[in-house]
Structures are given as C-alpha cells and as structure tokens.
2 protein chains.
Amino acid sequence: MFKISSLAVAIGFVGYMSVAQAWEALPAVAPAPADNPTTAEKVELGKMLYHDPRLSSTGTVACASCHNTMLGGEDNRAGSMGVQAQVGGRSAPTVWNAAFNKVQFWDGRAASLEDQAAGPVTNPIEMGMKSWDDVVARLKTIPGYKQAFHKAFGTDVISKDLATKAIAAYERTLITPNSAYDKYVGGDKTALTEQQVRGMTKVAELGCTSCHSGAAFNGAGTFQKFPVHPNGYFEAQNHFSKDKGLAEVTKKPENAHFWKVPTLRNIALTAPYFHNGSVATLDQAVKVMAKLQLDKELSKAEVADIVAFLNALTGQFPKQTMPTLPATPGTTFNK
Amino acid sequence: MFKISSLAVAIGFVGYMSVAQAWEALPAVAPAPADNPTTAEKVELGKMLYHDPRLSSTGTVACASCHNTMLGGEDNRAGSMGVQAQVGGRSAPTVWNAAFNKVQFWDGRAASLEDQAAGPVTNPIEMGMKSWDDVVARLKTIPGYKQAFHKAFGTDVISKDLATKAIAAYERTLITPNSAYDKYVGGDKTALTEQQVRGMTKVAELGCTSCHSGAAFNGAGTFQKFPVHPNGYFEAQNHFSKDKGLAEVTKKPENAHFWKVPTLRNIALTAPYFHNGSVATLDQAVKVMAKLQLDKELSKAEVADIVAFLNALTGQFPKQTMPTLPATPGTTFNK
C-alpha cells in the first residue's frame, strides 16, 4: 500500500552542518518521472480534475478545497475539512512546490505525487468516494472528460492510473520562483533586507538548514524526528507527540515521531503550523522549532530576523487560467 | 430587509403570447447600476472576494463553492452545502448571466446583485459569518485586501457596501454569449439542427416563452406562480408546494408559490432542476413544466425537441484567470 522509497537510507539524524551552507534558487521546472512526462494536455486535464468537486462523494470537495491554488496551496486551517464537515487530524501541506518533495504526506508515505493524488479521493473523511472504481465510473458519465483524457493520453481509457498521472503533471507546474531569496541567491544583493540576511545566516548557524536543506528547504526526502528534545510545556500546549507520524504507517517503534521535512517555501502564507496545525503564528513556530529540535532559546531579535528571512521565501505565483469543467448531464449530488 | 422592486406591477399571470416570438441574442455587456459602474479594478477585487473561502466562518465555503464559475455556475446539488455540511432547502441558481435577472434569489427577494451578494455570507447555513462587521474585520486583517479595495474604490475603507459592490461588478462579467441559439438568431441558420429549430418553435407555441421571455429567457423580473395547475402525482413525487416561495418573504397569502422566472441559459448544465432541485433530468423538467404550468402532456418527440433546443442555449464560457488571494498572516480557522 505505502511505498517508502529508500526509507532505511533516508531516515536518521542529520548532524549539525557547517555554516558554509549551499544556498540554491528554486528550479523553474520540476523533475517528472520517466513514465509520466509533463505535457500541456496532461497538465490541462490534471488542472480540471484537481479543481473538480465531483471527485468527492458530496460533489463539494475538490483537491483544491484543502490545497487551494488561489491561496498558499492549503486552507489556513489546523485540520482540513472534508466531506460532511469532517475534520482531519493533520494540517494540509501546501501543494505549491510539492513537486520538489521526494516523498509526500506529512508522514512521507507516498513516494510520488501520483501516489499521493490517489489517497484523499477515497479517504472517508476527505473526499469520501467509496472506491476509485466509483470515481472512474463517475468520470465516464462526463463526456468532456472522455475528450480530455484522449487528448492527454491518446486513449479512450479513463482510469485511476491516468487520472492521478494527470493530477501529478498539473501539480508539477505549481512552482513559485523568484522569491526575494531566489533573487538574492541569483546575484541581486539588494533583494534581501539587512535583517533578512541576518536571519538567513542565523538559520544556517543554528542548524535549521541541516534538515531544511536544498532549494525547497525540504531536505529532499529526508525524515526527521520531531520533537528531538521533548518538552513538557510545549507538549501540554500543542500535543505534538499524540500523532506518531511515520510509525502510524509502518507500525515500527523506531519510526515513532518521524516526519518528512516540510518545505519552508511560502511558509509565511501557510499558517497554522506543524503536522497538527497547533501553532498559529510563524514567530511561535520558529521558537518551538529552536527549542524542540535544537534545544535553543532564541531572543526576540533572533526570532524576528528568522521570520523576516522566512518571509523572503514567498515566491511568485504563476497566473493560471481557471479550468472549464465539463458538465455532468443530469447528475445530482444529494448526499 | 427585502427590497422587492415594483413587485405589484411585476406579479401577475402573463397571458398566452402569440407565436410571433421576439428572439433575442444575449447582450455582451450587462447593465450596471448608476452607483456601481463596472471597472476592471472592481471586477478583480470582486473576483477575489467571490472565490475567497475566508468569507465563511470555517474558512471553507466561498461564493464559488455553491455558484461554481468552473462549472455551470452552480453545484449540481439539490440543496447546496454550506458550512458544517448544512444543506439548504433551495437549489443554488446559476451565477452565469445572473446580471440579466432583474431580481435575485429564487423568491426574487433581492432587487440587485449587490443586495444578493450580502445574503449568503451571514446566512447561518450558508457561509455562517455572524455579521458583516465580522466579515469586514476579517478582511481588514488581510493586508492585500486593503490594496485591492484602494485600487477598486480609491479609498482605505473596507465595508459591506464596497465588498458587495465589487462582487456584483465581477458577477456582471459572467456572461456566456455565442450559444448555438445566439448564432442562429444572429443570422447563422446552420447553427441549430432541424430538431433544435422544431424545439424552438414548440417552446413559443406552447407558451413557455410567455414567462421565459427576453434574451436570457428569464422574464426580466416577472414573477410567476408555480405550479399553476396543481397535480397530486407530481406533488407526491417532488413536494414543489412545500416551499411557499415569495410568500415566505412577504408573508402575504397572495404571494404563495410565486417565484422569479429563472433563466433557461445553460440549463443543460445545471441539473438538478426546480427550486428544490427535486428533478434530476432536463427531460423530466420539461415534462413537469408542461403539465404544471400549461396543463399539457407532451409526446416523447416533443420533449426531445425542446430538450435539443434547450441544449442550444449553452453559451461560451469566457476564459478567466484565477485570482491570487492575499494571505492572512497567522490566521487560523479551527471551527
């Protein structure tokens, strides 16, 4: 069910890294797997499916409902709200730049965007479809999808495999380049304020970038224990340890409280924070991370510098056209 | 609370009209009230507000959730689903070409798009905000909206009045011209099939266009009793009379079961049908209307011809760019 790629290799505590941090700009194009090259037709179909609430049992919840492409790629909620107002236990991760994650979901249980896209549709508290067979049957009743699948894949087949490939192809276009940070790294030394540069140096010095490494500050597939330094005060406040993370999937005690390293890109837009969305502000999130991961208490000035830097990771959101979703003739959603 | 413009004049049974029907193409531009001229900046702000789920208590329901601009302007549900999965008693009318309705809502209780836009936001089973003061307070916490309101209205004020004006200005751009019917009326006699022309003649002969008159087939603000000819069979099936329509607003017995004449534009895309969404298909909707309004039983061929014509009323949906919604710094929706 869950493909964890190279998990044994990926898991493990990444040691304190030297301050000689390699700062990378965000690539303009996301890598695509060999069996799902990105094409314009696939992206268009994927965009339709991604925004189509008819992929849910009630006809009210699309991928975009919780991973909102008009916002920071999520919903600013602690737990997302699926069909019948059911609230999930984890905070929706942003879809923007998810293409640069080597693994998907908070617990990294999906090895690709294709695998990830299959999950929420049939999750009873997310989009609530009974099965992908039901999803495919519904898509087949919509004549416009037949054409769109044909354009994208050159076949009359509509299937879970092709639908999730199209959604993943679309998601690979959701990249936010040209943040102030990217401009700075590209040579424009005026792109960051002095405070932001101080924050940038600080995140390397402190060791934040040991885990939040690479162009997307996401460790490129590494898992990390959280919290590293258990703390009674924060546990009472935020209940971080209630969710065992990767161990909920693998059932292995050694995976308890291991999580995918999430991207810091556009982090200023994606409050609330952490897997359970229990922290409302970026200031507090920085304090929590310093204490629980690095056992450090930051001064107010240090927090402000780091937050200023994190704000420099907000990228440019590409203008997208809205998809025109093909009509369902005589189909009603009454649940 | 409810402004009913010229209701006394508008209400009344519109008699059988001559077959010499005046067929009109859809205007490319919708009329705007003198105090809210349509401008690009207002439309852009209105598009943002219309698609912003943060106008709801849970942060999950936007205007677009039930009046989906990527679909036929509604949600293909009998009753729409608002916050906390509450289901309304009436089927969401399409937003496309709503600018050509002289009155809004099924019961016509709003005299303008501006008035209409104010309603659902604070309806407890729709968007669930406690008050417009709360909506305005929330909008004020989003720095990007301050700029967008300033661009649209040249003022730093954010208010219910300006927000609903912007939403209405956006809605006035949601026009679907160039249907097969419009092309035919414009002189292209190949635009309709023979069957569609038969259906077009039939809707005039039968008297459908007595009420569904004008370019938008919406009677331009006339109200009509439904059902005119009560029918035990359909009442048992569809419970049409459970909802008293306009009388629910005015409390006047003479307004019982009076409704705004809804547009037939894009009707093929907006199943299910009628105020309570109790009829799943267009075929059945045509049969029901003939029986309950005109006391006529149509043959299968007549129904097929009329449905073919109604399909010719599906217009061209303009390509729209998705709005980029400004971020809420550190704001969380937990309800």
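Residue numbers begin at 1 in each chain, while the letters A, B, ... track the order of the sequences. As a basis for the values below, the full set of heavy atoms in this structure was taken, side chains included, without hydrogen atoms, waters or symmetry mates.
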Could you go through the side-chain contact (heavy atoms from CB on, under 4.5 Å) check for B:I306 and B:L282 one step at a time? CA-CA 10 Å; B:I306 291 171; B:L282 197 46; over 6 Å; no
Can you check side-chain contact (heavy atoms from CB on, under 4.5 Å) on A:K140 and A:Y145, steps first, answer last? CA-CA 7 Å; A:K140 284 181 178 170; A:Y145 271 126; over 6 Å; no
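Comparing B:D52, B:L71, B:V83 by heavy-atom pairs within less than 4.5 Å of chain A, the highest count is held by B:L71. By number of non-hydrogen pairs under 4.5 angstrom with chain B, the leading residue of A:G72, A:P323, A:A285 is A:P323. Each of A:T270, A:D283, A:T60 has some count of heavy-atom pairs under 4.5 Å with chain B, and the biggest count is that of A:T60.
A donor-acceptor contact shorter than 3.5 Å links the side chain of A:Q196 to the backbone of A:A308. The backbone N or O of B:M129 lies less than 3.5 Å from no partner atom in the side chain of B:D134, so there is not a single donor-acceptor pair.
Shown here for B:G79 and B:V87, the closest heavy-atom pair between the two residues is O-CG1, 3.6 Å. Summarising the geometry of B:D75 relative to B:S80, their closest heavy-atom pair is OD2-OG, 2.7 Å, with the distance given to 0.1 Å.
Side chains of A:T94 and A:N266: no donor on one and acceptor on the other come within 3.5 Å.
Identified by a heavy-atom distance below 4.5 Å to chain A, the contributing residues of residues 61-69 of chain B are B:N68, B:T69, in residue-number order.
Aromatic ring centroids of B:F234 and B:F274 lie 6.0 Å or more apart.
Only the side chain of A:P53 comes within less than 4.5 Å of a heavy atom of chain B; its backbone N, CA, C and O stay farther away.
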